[in-house]
Structures are given as structure tokens and as C-alpha cells.
Amino acid sequence: MKDAELESVKKVGKANGKKSAVKEELSDSESDVPLGKRGNKGKKSATPSKRTTRANTANAAQVKQENKTPKTNDTKAKRKRNESDSEFDDKKRPAKSTAKSAVKKASPQKKKKKEDPAEKDMSEKKKGKQKVVKEESDEEDDEEYRWWEAENAKGDGTVKWNTLEHNGVYFPPEYVPHNVKMKYDGKEVHLEPEAEEVATFYAAALNTEHVENPTFNENFFRDFKAILDKSDKNPPIEDFKKCDFTPILDHLEREKEKRKAMSKEEKQKLKEEKLQLEEKYGYCYLDGRKQKVGNFRIEPPSLFRGRGKHPKTGSLKLRVQPEQVTINIGKAAKVPEPPAGHNWNKVIHDNTVTWLATWKENVNENIKYVFLAANSTLKGQSDFKKFEKARELKDIVAKIRHDYNKDMTNKVTAIRQRATAMYFIDRLALRAGNEKKEGEEADTVGCCSLRFEHIRLEAGNTVHFDFLGKDSIRYQNTVTVDGQVFKNLKLFQRHKESDKDQLFDRVNTQELNKHLSSYMDGLTAKVFRTYNASHTFQEQLKNTPVSGSVNEKILAYNRANREVAILCNHQRTVSKTFDNQMNRIEDKIRALKYQKMRLKKTMLTLDPKLKKKRPELDEPESDLGEEWCEEYEKHLEEKEKDRLRKKFEKDNEKRKSEGKGPLSESELNEQLEEAEEKTKQLSKERKTGKMEVKKSQTVEKVEAQIEKVNERIKVVNLTKVEKEENKTTALGTSKINYIDPRISAAWCYKHDVPIDKIFNKSLRDKFKWAMEVDKNWKF
DNA sequence: CTAAGAACTTAGCACGAGGTGT
DNA sequence: ACACCTCGTGCTAAGTTCTTAG
């Protein structure tokens, strides 16, 4: 069997994790199924984004496994027509039956709504087939519809719905001028509302690093001036350097304060208004089932904040008018009213797409859409399909690897290049790398668009990667590649005229994907990323300690997650307060160790003979310097004194209210002195090792206390380790997009970890289709 | 075929609500 | 009760891939 190919996963220095400078082999074997670990360097990048990059991970052995998709319950599936009638009236829609009701059999239906013939047409025209799975409109509301148990859970991909009702989109409110004057050349100037709005956008950016970016400033100022010129009531503003927006920023900050200081009632009111909006625009009815809409708010005007060196960053993104917005809605549904005095661009009824509204944004001319939320059936189904596709790849990946290894030596350069590119996509989980429009977008690359300047070859089949990928995130990785891959890279390099030349000049993503699709319908470059991520995750989970605590298991889970994040190069900026947070945790640990140290001494005091039998009791705690202890003791003293003073005050107040006279100051002072004494005592005890022992204390009791402290130290240490390892790595993206949630669910069942320890509410909601797998389910 | 357009997934970050420790 | 932080959430930019136009 082809999958005998086990790979050689070498565990990357997990203990030292992240920062290890370990370099590892990528793969090696000539066997067609290499796989292996990725090297990881973890050096600080010099990139402006001040991130650390790395990429590595193990790719693991293939587990063969029959993949069962969730069982379907075919009997049910009786089509029922939704009764959605025109308006949204929740009352009409019976509230759901509670969720957990186990597999519900399709509830017998009730009235069917007459179907719009045109709509039917549409659904049939594309492919005819596909009976859309819709049932039980009764159950409406919440997640009642268990599409993954329905007959054709996959849907066929062309017809996305039969009926669709919604209330359109929400437009941000008109601009309300604040009349705060900016300064030009030191003098206050008045701006017309339109210009004031733009000035305010800039003012709001003053505390960000955008304003240090000349491109941002140039683009902003060009667009700002154009707006200024629209009215001759605006002052002549010619020189950006003479502009001072700080008065507006101050105003914004004051407003923010005000908002913070609002009364409970006011806040409550705002909240309700927001809720009302969500009520109206936040839901739609798709095939009669209530679904959450993702982004029903039209994007408000702003300054475009492109990432990295985006040439258009800072440009003014204009307010979107209803006249630009196209609405997509069911034929039978009531068309939402555009805002008063306005019209929609158009209203269409296309049931082969999933969006409810669309418009074109002016800065990059990108098309924007209003889609359903992540927990909707539509999104859930396509998520499911994505992972099933990746699982299909599992069965043929050996063949694909075999083929590209063979193609590595093909005489046709294009084929060699393709093979080499596939190797990177497969082994390093690189993105496809489409061409980008020069001068219109940031210069970032993926596999097919790599240039010679992005790799450096080193003897020993070593390749250093260093380039900016999606979102201008730096990808740095050092990898030992297969010998033939190395030879190919050298070969391609021979023909280069410039470092700016494409590494794979005969390959593009369309071709590459076309080739991939010859192996399997729907196979594209990105499937490898999904496959590799989920596969790696599943393998890494094997390191879960079987008898560990829940916390330790979760740590293992997060480690596995982290390996995937590293593989996919998912990064985040280091939090400004990171060092601080770290110091706090360390202090916390030291405080615990201090406690433990005292407990140990107590034991020895109780039973001096233990010194011989249990020499470890006499050993000092690591990390607990003399100096630190003194400081800590002082700190304890201060805290105690504070407490005493407060208590004193409180007592006095109480006495006053009871008509008694105040306690005397000397009483307090006495107590304060006691606290000081206590410190001295602590210090003395620490130095002599002779503890003052309470009668009730016994060796056994103290021992138990030590055990407890040890537990706590362990827990805090775990959080410290995690925090460190997560410094620059973002786990969320892979969890949300790349890791098959069924792996996680199965792991939870197998290891008895509550699912909400790893999936928050929205993830559980998004992945509800994945929650019912067997604990032995395999990706 | 190639290029542009359209549709949908993937991505990091800002911000604020709510929980936690003092 | 308060500051402080954590974490979830919303936002929208930036990718990939599919589709259509030329």
C-alpha cells in the first residue's frame, strides 16, 4: 500500500519550541513520500512589521482510514416547502424545538408554499439536478436544520437556494459635523462638512503608524484636497506639513471619554438600538430557514488601510450610495426599500450565488458582498465540502508525490518547474501565488510568483526562503530539500537575468491547478494547505498525554494547533504589554515557590530527621534569589499594612454610625508594627531555616500543602509556556479555517475534554456539523 | 487561449464587553 | 469598586478559484 510511506517526522524541538535554532531536514528520502519536518529558525525578522517568522512542522504519517462521512438519514428528506411568506414575522415562524433533540426525523410537513415558477426555472437551468435539501421549516430558528444528515448534504454547488428573503443592507448614518476646527499654518480653519469628515478620518489615524507612512499621507492629502476643492468655502490648503489635525483628535478623545462615562441607561439604550438593527438586518430566510447574515452593514467611508506597502493606502474610501448597491433576493420575496429618496442599482434574483447584496468599492475597484454568517447552512456545507475534499486528497497524495518526483527530471522545463513548485506547495504548504497587478497592490508572493530574490541556496541542499506573503507577512524558513529539487533550483537559476525574475517562469496557478484537477475533481493548490494542516494536526495530537490532567491535554492540543499555525505561517504582532505580562507570571511563580520554600522548612523543623531521608527538602528553590525574597517580604508587608489601614478606617466608620467613638491611632500603629515584626520574622526564618510551627501542623499536613502548591506552580508554568510559545504565533486562523473540526471533536470525546475548552461559542456554532463524530473518527 | 470579472475563503487587527485580581 | 487585561467579535483587506468575455 502506498501509504506505507511513513514519514520521518522528527519532532522539532518542542521542548524548546519556538526559538530553537534547530534546522531540520525537510525530507529527504527519495521515496516518493517524503514528508518530514520543517526547519525552523526563529530569528527575529528585520522586517518593518517587527515580527518573528518561522515555519516548520511535522507532516505526519498517513493514516489510512476509511472515511465515513456522517451518516445520512435518507428516509427523511421529504421536501417541504417553506412557508415563508413575505414578511419577517417571527411569530409566524414557530419557535424551534430545542436543539438537542436527537436526530429529528424530518417533521412531517405542512402547507407548501407555492413556488415561483421562475425560480424553479432558474434552479433547473443550470444543472437540473440537485434537489435542494430543505425540510422542516417548522423548526426554524436555531440550528435545527441538520443538513449534514440530510440526503444530499453536499448540495450540488450550483443552485444555492430556492427562496430567499431579507431586509437589505444597513447604511451607516450620515455624517454629523462636529465643527471642531483643524489648524492650518497655525491658524484655525473652518471646513465644510464633507471636508471635515475626511480630516476627521485622518485625525483618528494620528496615533497609528500609518501617519508615518509617506504613501499614506500622500494619498490622503491628494484625496483630501480634491474634497476641499469642491467648495470654495473651504480654506486654501496647499501644504500637508502645515496641517494640524490634533484639535480634532482631542475632540475624538473627549467624545470617547464621554461615551465611556455614559450612564447605565444610556448605554442600555444604545445597546437596544443596536439589537434592533440586528433584528432587522441581521437575519434572512433561506429556503424558509432563518439564517444569520454576516456583514449587513455597508462599509462606512474611511481612509483605506492597505497592508504592507500598498500603493493606495491612505486613499479615501467613499461613502457607498444605494444607487451602487445591487440586491439579490428571491423572486417571491418582498424587495427591501432603499433609503428614502434613493434607489437600488438593481435587484436580481440569482439563486446560483449566495450573496444578498453587492457593490464596488472605489479605491481598488474591488467587489464587496454581503454574505451569510459563518454558522449558516450555506457556509457550513461548503466548509464540510472543503474538508471532505482534503480527505480525498489523502488517498491520492502518494501518487501525486510519486508523479512530481518523477517529473523533477523531465526534459521539459515547464514540467520540471511545475514539479518543483508542487513540491513546495505540498511540503511547505505555500499558497498558490497568483500574479498581482504591479503598482496597484503590495508586492507579495506565493509559490508560483516566487522570484530568485526570495530564495538563497546553500550547499547541502539547503534552501533559505525569505519573502512577503499574504498580508505582507514575512515568511522565513530554512529547509533541507530533496537533492533533485535543489538541482532544479540551481538549474533554473542559471537562466536568470535578474534577481527579480520569476523562479518558475513557466508556471502559473491556472496551469498548475489544471494539472492538479486531472488527479481529482476540484483539486487545487489550496487543498494541499488544508490537507497538510489537518493531517499534521491529527498526527501532533498523538502526543496528548493519556493520563494527564485536562489542562495538560489542552496544552498538548494547543501545541498541535501551534504546529499547524507555524506550518501555515500564521503570525501576529507581539502585544505591547507582552514583557509585562510575562514578568507578572514569573513573579507569580516565584511567590508560589516562596511559599513552598517555607513549607519545606516547616517540615524540616517539624522533623529534623527528614533532612537525611529527604534531602530535596533542604534544597533551595530555583529562581528565588535572596534579593527577590527580601523584596517580596517587603511587598507582603506593604500589602498587609494597606489592608490594616483600610480595615481601621472602615471600622471607625462603622463605629461612628453606631455612635461610638473612633479607635485610637495607637491601636493601628501597633498593628502596623506587628506587620513589620512579621517581616523580620519571615526574614529570620528564611535565613535560619527554623520555622515557628503551629501546634496543629503535622508533617503530613504540610506535605499535602506542598503538593497543592506544586500543583499551582505547574498550572502557572503551563500558562507561561503557552504564552511564550504564542508570542508571535496566531492559532486562530488555522483553527477556524484549516483544521477539520471533526478531529478536534473526536479528540475531545476520546480524551474526555469538554468541547468548550477548545471551541468557543461561535466556533461551536460554526462547526455544529462536526460535533457528532465518533471518538475514533479519523481525518 | 488570455484577461478581466465575479464569488468566495482566508487573514490580521482594533476595539470593547466582561471577567479577574487588587 | 476599580483598573487591568483577556478574549471574543466585527471589520475589511487580501488571497484563491471559478466564470465569462474578448
Side-chain angles (χ1 to χ4, degrees), chain A residues 49 51 126 157-158 160 204-205 207-208 256 259-260 267 270-271 274 278 282 294-300 302 304-308 310 312-313 317 326 328 350 352-355 358 360-361 363-374 378-379 382-383 385-386 431-437 440-442 444-449 468-473 508-514 516-517 522-527 529-530 533 565 568-573 575-578 580-581 584 588 639 642-643 646 719 723 728-730 732-738 759-763:
Chain A
S49 56
R51 296 157 165 287
K126 286 233 152 140
T158 51
K160 304 293 179 22
N207 289 333
T208 71
K256 205 169 175 183
R259 238 172 297 134
K260 251 211 303 239
K267 281 185 181 164
L270 282 186
K271 214 170 175 178
K274 195 169 158 232
E278 272 157 24
N295 55 328
F296 58 82
R297 277 169 235 270
I298 294 283
E299 294 175 15
S302 63
F304 171 71
R305 283 145 127 95
R307 319 232 169 108
H310 194 116
K312 298 191 178 182
T313 191
K317 194 168 85 174
T326 296
N328 188 31
D350 184 352
T352 67
V353 296
T354 67
W355 51 267
T358 184
K360 191 184 255 182
E361 151 272 337
V363 176
N364 296 292
E365 311 221 292
N366 284 332
I367 305 171
K368 303 281 190 154
Y369 299 89
V370 173
F371 289 120
L372 296 192
L378 231 38
K379 294 284 192 193
S382 75
D383 233 26
K385 270 195 267 184
K386 170 180 76 183
R431 297 188 184 86
N434 286 302
E435 291 303 318
K436 298 185 80 182
K437 287 176 270 169
E440 312 246 314
E441 302 172 90
T444 63
V445 299
C447 183
C448 293
S449 49
L468 297 184
K470 181 178 181 179
D471 292 308
S472 295
I473 297 297
N508 62 39
T509 55
Q510 302 88 287
E511 252 161 26
L512 190 135
N513 280 341
K514 199 171 152 209
L516 289 175
S517 71
L523 182 62
T524 62
K526 86 195 264 281
V527 179
R529 241 167 112 80
T530 311
C568 295
N569 201 35
H570 292 142
Q571 301 198 275
R572 61 182 200 151
T573 48
S575 134
K576 280 189 203 86
T577 54
F578 180 84
N580 242 340
Q581 296 168 16
R584 282 170 169 234
K588 206 165 166 182
K639 247 174 58 177
D642 254 15
R643 192 186 66 83
K646 277 200 186 123
T719 63
K723 177 154 225 119
T728 58
T729 306
T733 306
S734 49
K735 201 186 225 180
I736 294 168
N737 299 300
Y738 288 106
F759 287 151
N760 64 28
K761 173 86 169 53
S762 40
L763 284 183

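Note that the structure is predicted; figures quoted are calculated from it, not measured. Order of the sequence lines fixes the chain letters, A, B, ..., with proteins taken first and strands second; residue numbering starts at 1 for each chain. These numbers come from the heavy atoms of this one structure, side chains and all, not from hydrogens, waters or symmetry mates.
Not one N or O on the side chain of A/K160 forms a donor-acceptor pair closer than 3.5 Å with the backbone of A/L378. A/D471 contributes no side-chain N or O that, together with a main-chain N or O of A/R307, makes up a donor-acceptor pair within less than 3.5 Å. Panel note: side chain A/E361, backbone A/N364; a donor-acceptor pair is recorded below 3.5 Å.
The phosphate of C/dT17 has OP1 or OP2 within less than 4.0 Å of a side-chain N or O from A/T524. Between B/dA3 and A/K437, no contact under 4.0 Å exists linking OP1 or OP2 to a side-chain N or O. Phosphate contact (OP1/OP2 of B/dT9, side-chain N/O of A/S382, threshold under 4.0 Å): present. For the pair A/N434 and C/dT16, the criterion of a side-chain N or O lying under 4.0 Å from OP1 or OP2 is met. At the phosphate of C/dA13, neither OP1 nor OP2 sits under 4.0 Å from any side-chain N or O atom of A/H310. Residue A/S302 places none of its side-chain N or O atoms closer than 4.0 Å to OP1 or OP2 of C/dT12. Taking side-chain N and O atoms only, A/R297 has a distance below 4.0 Å to OP1 or OP2 of C/dC11.
The CG-P distance, from A/D471 to C/dT16, rounds to 11 Å in whole Å. In this structure, the CD atom of A/Q510 is 14 Å from the P atom of C/dT19, given to the nearest Å. In this structure, the OH atom of A/Y369 is 8 Å from the C1' atom of B/dG5, given to the nearest Å. Rounding to whole angstrom units, CG of residue A/N295 and C1' of C/dA14 are separated by 15 Å. Per the geometry, CZ belonging to A/F371 stands 8 Å off P belonging to B/dA7, to the nearest Å. Distance, A/N508 CG to B/dA3 C1': 12 Å, rounded to whole Å. In this structure, A/N366 places its CG atom 8 Å from C1' of C/dA14, rounding to the nearest Å. A straight line from CG of A/N364 to C1' of C/dA13 spans 9 Å, rounded to a whole angstrom.
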Treating primed atoms plus P, OP1 and OP2 as sugar-phosphate and everything else as base, which nucleotides of nucleotides 3-9 of chain C get B, S or - for protein heavy atoms under 4.0 Å? -SSS-SS
Take nucleotides 14-22 of chain B nucleotide by nucleotide from the 5' end and write B, S or -, depending on whether a protein heavy atom sits under 4.0 Å from the base, only from the sugar-phosphate, or from neither. ----S----
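In this structure, A/F304 and A/H310 have perpendicular ring planes: the angle between them is above 60°, well past the 30° mark.
When each of A/N737 and A/I367 is assigned the nucleotide of DNA chain B bearing its nearest heavy atom, the one mapping closer to the 5' terminus is A/I367. If you find the closest nucleotide of DNA chain C to A/R431 and to A/P300, the one lying nearer the 5' end belongs to A/P300. Checking A/E278 against A/K470, the closest nucleotide of DNA chain C that is more toward the 5' end is the one next to A/E278.
Nucleic acid contact class of A/K317 (heavy atoms, under 4.0 Å, all strands): sugar-phosphate only. At a threshold of 4.0 angstrom between heavy atoms, the contacts of A/T358 with the nucleic acid are absent. Counting non-hydrogen atoms under 4.0 angstrom, A/F304 reaches the backbone sugars and phosphates but no base. Among the heavy atoms of the strands lying under 4.0 Å from A/G433 are primed sugar atoms or P, OP1, OP2 only; no base atom is included. A/G294 comes within 4.0 angstrom of no nucleic acid atom, judged by non-hydrogen atoms across all strands. The residue A/G732 sits apart from the nucleic acid: no heavy atom pair falls under 4.0 Å. Contacts of A/T509 with the nucleic acid, taken as non-hydrogen atoms under 4.0 Å apart, are absent. A/A442 comes within contact range of no nucleotide atom at all, as no heavy-atom separation falls under 4.0 Å. Within the 4.0 angstrom heavy-atom criterion, only backbone atoms of the sugar-phosphate kind lie near A/N513; the bases stay farther away. Using a 4.0 Å heavy-atom distance criterion, A/K526 is classed as a sugar-phosphate-only contact. Backbone-only contact: A/T444 has heavy atoms under 4.0 Å from sugar-phosphate atoms and none from a base.
Closest to the side chain of A/T354, from the set B/dC8, C/dG15, B/dA11, is B/dC8. Considering only the side chain of A/K368, C/dT12 comes nearest among B/dT9, C/dT12, B/dA11. The listed nucleotides are B/dC8, B/dG12, B/dT10; the one nearest the side chain of A/K160 is B/dC8.
Nearest heavy-atom pair, A/G306 versus A/T313, reported as atom, atom and distance to 0.1 Å: N-OG1, 3.2 Å. Across all their heavy atoms, A/A374 and A/K379 have their closest contact at O-CB, 3.7 Å. Nearest heavy-atom pair, A/A565 versus A/T729, reported as atom, atom and distance to 0.1 Å: CB-CG2, 3.5 Å. Across A/C448 and A/L512, no two heavy atoms sit closer than the pair SG-CD1, 4.2 Å. When all heavy atoms of A/A525 and A/A432 are compared, the pair lying nearest together is CB-CB, 3.8 Å. Among all heavy-atom pairs drawn from A/V363 and A/K312, the shortest one is O-NZ, 3.2 Å.
At a cut-off of 3.5 angstrom, counting only N and O atoms as typed in the model, there is no donor on one side facing an acceptor on the other between the side-chain of A/K386 and the base of B/dT9.
Within the 4.5 Å cutoff, the side chain of A/K360 has no heavy atoms near those of the A/N366 side chain. When side chains are defined from C-beta on, A/Q581 counts as touching A/S575, because their heavy atoms get closer than 4.5 Å.
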